Structures are given as structure tokens and as C-alpha cells.
Amino acid sequence: MKEKGLVNFFETYIQKEPLFKDKTALQSNYTPESISHRDEQIQNIANILAPALRSEKPSNIFIYGKTGSGKTLTVRYTANQLTNVAHAKKLAIKTIYLNCKLKKLADTEYRLIAQLLREYGKEIPPTGLPTDEVYHIFFNTIDKEKHNLILILDEIDQLVGKAGDELLYNLTRINSELKNAQITLIGISNDLVFTDNLDPRVRSSLSEEELIFPPYNALQIQDILHQRAKAAFRPDTLEEGLIEKCAAYAAREHGDSRRALELLRVAAEIAERDGSPTIKITHLDIAEEKIERDRALDLIAGQPKQFQVTLLSIIESCSQKNGVYTGDIYSLYEKYCDHIGLRPLTQRRISDVIGELDMLGIIKAPVISKGRYGRTREISIGTNDAITQRMKTMLVQELGIA
DNA sequence: CGAGATTCATGTGAAGTATACCTTTAGGCTTAA
DNA sequence: AAGCCTAAAGGTATACTTCACATGAATCTCGTA
């Protein structure tokens, strides 16, 4: 009986008109055929990169703009077009796109170069080789290929924050040592201030050209959403005013188009699961909450155990009182470690862990001075209560705390 | 009352250690001439 | 003798520890009004 119900479920599932026509159109890595409201920037980048077609070295570019202002998309799009032309004319141009934010992939000097080499099909061990050596291999590889390399470093501020600017210095200088190849750097960042802390030499060579992407305004976001929705959904599946609402949500977040698209996609998924023939505004609200929750849960699930225990201590402490400081967290952390038989790290290290959790945006932990009562971090949770609660239960389960 | 010294709790930098992983090298074993 | 495998030696990156010093405003101290 039960099985029959399941079969029925699947059958009706197939028969049901799907809301989606092409779901990929809403995914963040989707590249539409044309990019709206970024003509000026595309033209700019194209102008700067064009010399590559004559085997000259284009200027390095530094691009700044808030999240979801189309930086990545625009750059990739332009670079792709360029390589297409180059391919047609048999010119050796290669572009590599690398997101420095991805943990364990490109967040240190060594790992970044290793990742680049992987793009060339070379396997580089995760550790063991001298960094110099890896540089050397990289050198030889691109020099042998004799081409113009356009290297797009996304979220470059993350990289500099973790690995320092030496890498960038090396990369900008690399050209003078290459005989047959050239590298053009395109740095993408959503933090403009970060260039201030850069070595002046790096700064000047990285930002030979600077481009600023202004955030989209609500109308532009609407426009983008309309376009993508047209590609993604069957006709008449959107409730009246849905896109407007969605755009309004995103405009509130400084015109983040990525967020707007994600919101729309998740709302649609929820609607589909509900069996609703159209996507309603109520689905948007659920979607907004779900996105934030998933993001937070994903983030912490991927963290090492020590981070999780630390986070649990923080959540627990914060729920009991406000005004939580490093010392409180550490003693509770030690207790938990003892409880689950984990060797506790030193307070020094936990201090750094707390700092990293802060960087991830899960918690807020600014350093404050309490005068006579010392200097510490004032720690608080960065998400809303419902999500925090979910995080807690997940952590408790994951760590096996009774 | 106010300027300067004091103090606390922990931030933070530097240097050292443990671990995991890498390449190179030398010795021992196998194999084929 | 040449070729292959294995284990030891020597090297690196990373996460963490240890040590020592830095921080910065509330509070204290003490001279002065």
C-alpha cells in the first residue's frame, strides 16, 4: 500500500507541469547571452584586454564592486569572448579564473599556484614541495606554452588577507622573467579599502587600470530578473508583482543581483515542492529564511571539529547572557572538550579561531577594551534566533554531546 | 577636579614543535643476458 | 649488470603551542584649585 503511494507520487510528479523550463538560468554560474546594464564596463575591459590579440601585454586591471554587482560575470564574459576570437584566429590566449575565497583551494600562496598548475593538467601535491619549486614549475609551464595568460583572481582581498601580498608581487614581476609568455592580472574585490594595506609596488602594478562596478538599482535588478525568469520558467508561472518584490528585497541589500536570483530560484523550488502552479510572494519569504539558514549550516558543517566546539560554546554562552568574552568561551570550550574527549587547543589558538569565525560572518567578535577590566573580544551571534537554534541542534548532534 | 599612572584580560607577533606529506638516494632484491 | 622496489634521509607547508610583549580605556592616585 505504502509502495503504491510512492509510485503514485512519482507518477504525478512526472505529470505535473514543472515550473522550470531551464533552471540553470538562475544559477550563479550561468552566463547569459547578453549582459544588461554593464555595457560600459564590458567595453572598458575589452579595450584594456584587446592588445592581447596583438600579442602585446594588456594592463593589469583591478575591479571593485559590491557583491552581486556583476563583476565576476562581466569579466568572465568578456574574457570568454576574447578567447573565442583568439581561438578562431589561432592566437594563444588562455584565461584562468580562480576564486580565492574557496577554502583549501586557493587561500595560500602555495595552494594558489598549485591550483593554477592544475589548470594546466599538472598534479601538485597538497604539501611537501618547496614553494620556490612550485613557482619554478609554474614558470616553465607557462613559458613553454608561449601564450598570453589572463589570470582572473576573484575575491582577491581574501587571498591577501590570509596569504599576504608577496604572491601578488611575485606574479606582477613574473613577466620580466618570462621570455615567451605574458601574464595579465585581473583582480576582483568587493573591498576597496584593502588596496590601502597593499605594498605600494603591488598596488601600482595591479591597478594599472581601475574599474568600479556600481551596484544595480532596483529597476535594473527587475530587468535582470525578468530576463532570467523568461529563460528559466514556463510562461505564467510567476505571481503578479513577484519580481518586483524580489528586486526590492535585493535592493535593500545594496543591489545584490546574485542574491535576488538565488531568492527567485529557491522560491521556485519551494513552490514546486508545494505543488503550487505559480510562484507566490509567500514563497519568497520562506525562501529568504531558507537561504540564510542553509548558508550558515553549510558553512559550519564544513568546519573542523575544533571550530564547531568553539562555535557551540559561543552559542551556548550567548543564549545565557549577553556580554560574552573570550575567557568565558574558553572555559566552556574546555568543558566541552573534556566531555567529548577532545584535546583542547590553547587559548591563543582559540582566539584565532574566534577571529576566523568572525571573518566567516557566523559571529561578531570585535575587540573592545573594558578599561580597568582588560581588553577582549565582545562576542555575539551574527544570525537570527531561529537559525542559531538550528545550528545548535546540528552541532550538538554532530559532536555527540548529550 | 583633572592629569597622569596603573591595571586587567587578553590581543598579537615571533619563534618553535608536531604532523603529514613530498622527493631523493642508497641499498637490496630480481631479472635477463 | 641493469632495472625495480623499499626504506631511510632530508625537505616543506600547515596547524598548533609557547613565550613574551602590546593594548587601551576604566579606575586609581595624587597634586592642585
Side-chain angles (χ1 to χ4, degrees), chain A residues 98 100-118 120-141 158-171 194 196-199 299-314 317-318 320-338 340-360 362-380 382 399:
Chain A
L98 212 55
C100 309
K101 197 178 178 179
L102 301 175
K103 223 185 167 181
K104 302 282 175 196
L105 205 64
D107 63 346
T108 70
E109 199 173 348
Y110 182 94
R111 294 212 257 247
L112 188 125
I113 301 286
Q115 188 58 31
L116 287 179
L117 280 167
R118 226 158 278 150
Y120 282 95
K122 302 226 167 170
E123 265 315 305
I124 296 295
T127 167
L129 291 187
T131 309
D132 289 357
E133 183 63 23
V134 184
Y135 263 113
H136 216 76
I137 301 174
F138 181 59
F139 252 54
N140 294 339
T141 313
Q158 299 280 331
L159 176 69
V160 174
K162 284 203 131 176
D165 50 14
E166 201 163 316
L167 165 75
L168 291 180
Y169 179 65
N170 288 335
L171 280 178
F194 113 98
D196 294 352
N197 311 323
L198 237 45
D199 185 318
L299 207 56
I300 59 177
Q303 297 298 323
K305 242 185 180 156
Q306 299 286 3
F307 281 60
Q308 295 182 347
V309 180
T310 311
L311 185 59
L312 181 61
S313 310
I314 292 170
S317 285
C318 285
Q320 281 169 16
K321 57 172 182 173
N322 27 358
V324 180
Y325 308 111
T326 307
D328 308 334
I329 299 299
Y330 189 68
S331 42
L332 186 59
Y333 160 81
E334 276 185 307
K335 225 184 280 173
Y336 277 132
C337 279
D338 187 46
I340 60 176
L342 194 66
R343 197 169 64 85
L345 301 176
T346 46
Q347 181 154 352
R348 174 71 185 83
R349 178 62 186 147
I350 293 302
S351 176
D352 284 348
V353 170
I354 293 174
E356 282 180 54
L357 288 172
D358 183 29
M359 287 278 283
L360 288 172
I362 302 175
I363 61 169
K364 295 197 187 314
V367 179
I368 55 157
S369 177
K370 291 187 294 154
R372 182 73 169 67
Y373 304 106
R375 219 165 86 93
T376 182
R377 296 188 129 106
E378 188 174 57
I379 300 162
S380 57
L399 297 168

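Sequence lines set the chain letters: A, B, ... in the order given, protein chains first and strands last, and positions in each chain run from 1. Being a predicted model, the structure only gives us computed values, none of them experimental.
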CD1 of A/Ile137 versus P of B/dC22: gap in Å, rounded? 13 Å

Rounded distance [0.5 Å steps], NZ in A/Lys321 versus CG in A/Asp328: 4.0 Å

Between A/Ser351 and B/dG11, is there a contact of a side-chain N or O with OP1 or OP2 at under 4.0 Å? yes

Separation of atom CD in A/Gln347 from atom P in C/dA15, rounded to whole Å: 21 Å

Closest nucleotide of DNA chain B for A/Arg348 versus for A/Asp328: which of these residues is on the 5' side? A/Asp328

Length of the CD1-P vector between A/Ile350 and C/dT18, whole Å: 13 Å

Between C/dT18 atom C1' and A/Asp352 atom CG, what is the distance in whole Å? 14 Å

Could you check which of B/dT10, C/dT18, C/dA13 has an atom nearest any side-chain atom of A/Tyr110? C/dA13

Could you state the atom-to-atom distance from CG of A/Leu342 to C1' of C/dA15 in whole Å? 14 Å

I'd like to check A/Tyr325 versus A/Arg377 (side-chain heavy atoms, cut-off strictly below 4.5 Å). Are they in contact? no

Does anything in residues 362-377 of chain A come within less than 4.0 Å of DNA chain B? Heavy atoms only, and list the residues if so. A/Val367, A/Gly371, A/Arg372, A/Tyr373, A/Gly374, A/Arg375, A/Thr376, A/Arg377

Donor-acceptor contacts under 3.5 Å from residues 340-348 of chain A side chains, at least two apart:
{"from": "A/Arg348", "atom 1": "NH1", "to": "A/Asp352", "atom 2": "OD1", "distance (Å)": "3.0"}
{"from": "A/Arg348", "atom 1": "NH1", "to": "A/Asp352", "atom 2": "OD2", "distance (Å)": "3.2"}

Please determine whether ring pair (Phe, Tyr, Trp, His ring centres under 6.0 Å) holds for the pair A/Tyr330 and A/Tyr333, giving the CA-CA distance in whole Å, both sets of side-chain angles, and the decisive distance to 0.1 Å. CA-CA 5 Å; A/Tyr330 189 68; A/Tyr333 160 81; 5.7 Å; yes

Working to the nearest 0.5 Å, report the span between CD1 of A/Ile350 and CZ of A/Phe307. 8.5 Å

Using whole Å, what does the distance between atom C1' of nucleotide B/dT12 and atom CG of A/Asp358 come to? 16 Å

Take A/Thr310 and A/Ile314 through the test side-chain contact (heavy atoms from CB on, under 4.5 Å) and record every step on the way to the result. CA-CA 6 Å; A/Thr310 311; A/Ile314 292 170; 4.2 Å; yes

Spacing of A/Ile329 atom CD1 relative to B/dA9 atom C1', expressed in whole Å: 15 Å

Is any side-chain heavy atom of A/Gln115 closer than 4.5 Å to one of A/Leu98? yes

Could you give the CD1-to-C1' distance, from A/Ile113 to C/dT12, as a whole number of Å? 16 Å

